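Below: one structure, written as structure tokens.
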There are 2 protein chains.
Amino acid sequence: MANEIKAELAAGKLAEYEQLSKIYDDIVKQARPRLTVEGQGKILLALTDEDHLSQRQLATRLGMSPQSTSEFVYKLVKRDLVTLTKSSKDRRVNLVNLTPTGRQEIESAAQEVPPFVRTLSDSELEQLSVLMTKITTAMYADIDAANPTLGVKFHKLFASRYLKQFKK
Amino acid sequence: MANEIKAELAAGKLAEYEQLSKIYDDIVKQARPRLTVEGQGKILLALTDEDHLSQRQLATRLGMSPQSTSEFVYKLVKRDLVTLTKSSKDRRVNLVNLTPTGRQEIESAAQEVPPFVRTLSDSELEQLSVLMTKITTAMYADIDAANPTLGVKFHKLFASRYLKQFKK
DNA sequence: AATACATAGTAAGGGTACCTGATTAAAATG
DNA sequence: CATTTTAATCAGGTACCCTTACTATGTATT
């Protein structure tokens, strides 16, 4: 069962990284205004992918309750990062629109390479990218299997965000 | 600057994994009662490493405010996972002790190998472990540099938790 | 047209993880 | 013995989420 032990070790390391990264920024604070997939950040990210969505659409493709969506949108409005406009076709729906400031906020949430990544050599970086791609691909597949609508959305969301520097 | 691009790509993949894992459990829910390094879980983890700590000690080694510590300890008491005993040496301090139930809670927070790790081959698993070890080692170093007291504590915390199956 | 039902959004209230400021009680120190 | 430091707590606040109503507005049915 050397096989199993290898899987456990790797899974453990991954989990360790996951947990460590939660506290890393707090402690080694470098004031990077990261945009996370939570709350307001989640909304902004979704709007980057496609602007002028209704709150309902946002809720659906983010897997959040409409109430939470409403809350975060309201907070973003107060921060002038989005505006709300009533749809002319259906006066019940509120379309959420990114403001220039909102767009800027997303851009400026710099995607810096953290120092700990710098410790890897060139070939190690390549290895890591390959491995992590396999892992995230499998994760997307699982998410997709559990919720076909969501999966694709998140894939697009992350692709546009984390591979941006690559597109240029 | 192919070098830089590789670093960015790897960092992006890591960030993508980090964000994806936040939503993974919600969506692909498999009811694994994970013990995270947050709030009450953080306290439990610290107590696994060393029992009968004062709230002050907990706060210090977890990098939390004493007020939050107090709050989480209180919640754990209500859940019968820890008990409080007044120190005989210093009647100001409340020692926090794990109950059998608390110990059980930690044990049962199974450290399962998530399905997406299974997609990697044997040699890939080995590679991943090596790479992640380098990364977490660098993270610990950074944390340690920022806060010498904390760093060591967390290292011990995670080592005891995520490498337990390995020690056996 | 009138009634019934479905849908977009909101209000109210709740839970968890954190934080700061102020306060109490007990210990340490001058 | 009076002052200062320390351990813990209370009060109040923010961000992220949810559930249970409830209000508009739209659509379908009678």
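Letters A, B, ... mirror the listed sequences (proteins, then strands); counts begin at 1. All figures in this text were calculated on a predicted structure; none of them were measured in a lab.
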(request) Establish, with yes or no, whether the OP1 or OP2 oxygen of D/dT9 is under 4.0 angstrom from a side-chain nitrogen or oxygen of B/Gln55. (result) yes
(request) Considering only NZ, NE, NH1 and NH2 on the basic side and carboxylate oxygens on the acidic side, decide whether A/Glu105 and A/Arg79 come within less than 4.0 Å. (result) yes
(request) Answer yes or no: does a side-chain N or O of A/Ser68 lie under 4.0 Å from OP1 or OP2 of D/dC18? (result) yes
(message) Check this for me: does the side-chain of B/Arg92 come within 3.5 Å of the base of D/dT6 through a donor and an acceptor?
(response) yes
(message) As a test of reading the structure: which of D/dC16, D/dA8, C/dA17 is closest to the side chain of A/Phe72, going by heavy atoms?
(response) D/dC16
(message) Between B/Asp90 and B/Arg56, does any side-chain N to carboxylate O distance fall below 4.0 Å?
(response) no
(request) In whole angstrom, give the distance that lies between atom CG of A/Asp90 and atom P of C/dG9. (result) 8 Å
(request) Going by the side chain to side chain contact (heavy atoms under 4.5 Å, CB included) test, name the single residue among A/Leu131, A/Leu128, A/Val130 that passes it with B/Gln127. (result) A/Leu131
(request) Mind calculating the distance between CZ (A/Arg56) and P (C/dA6) to the nearest angstrom? (result) 14 Å
(message) It should be established whether A/Ser70 places a side-chain nitrogen or oxygen under 4.0 Å from OP1 or OP2 of nucleotide C/dT10.
(response) yes
(message) Rounded to whole Å, please give me the gap between CG in A/Leu53 and C1' in C/dA8.
(response) 14 Å
(request) To the nearest Å, give me how far apart CG (A/Leu45) and C1' (D/dC16) are. (result) 16 Å
(request) Report yes if a donor N or O on one partner sits less than 3.5 Å from an acceptor N or O on the other, where the partners are the side chain of A/Gln67 and the base of C/dG9; otherwise report no. (result) no
(request) Ignoring hydrogens and angles, state whether a donor on the side chain of B/Thr85 or B/Asn97 is under 3.5 Å from an acceptor on the partner side chain. (result) yes
(message) I want to check one thing: is the phosphate of D/dA7, taken as OP1 and OP2, less than 4.0 Å away from some side-chain N or O of B/Ser54?
(response) no
(message) In this structure, how many angstroms lie between the P atom of D/dA7 and the CG atom of B/Leu95, rounded?
(response) 12 Å
(message) My understanding is that only one of A/Met64, A/Gln67, A/Lys42 makes a side chain to side chain contact (heavy atoms under 4.5 Å, CB included) with A/Phe72; could you say which?
(response) A/Met64
(message) Measure CG/A/Leu58 against P/C/dT7 and give the value in whole Å, please.
(response) 19 Å
(request) Classify the side chain of A/Arg91 versus the base of D/dG26 as yes if they form a donor-acceptor pair under 3.5 Å and no if they do not. (result) no
(message) Please determine whether any donor N or O and acceptor N or O are separated by less than 3.5 Å between the side chain of B/Glu71 and the base of D/dT9.
(response) no
(message) Measuring to OP1 and OP2 of D/dC18, would you say a side-chain N or O of A/Ser65 lies under 4.0 angstrom away?
(response) yes
(message) Expressed as a whole number of angstroms, how long is the span from B/Leu84:CG to D/dT9:C1'?
(response) 12 Å
(request) Figure out the CD/C1' separation between A/Glu38 and C/dC18, and round it to whole Å. (result) 13 Å
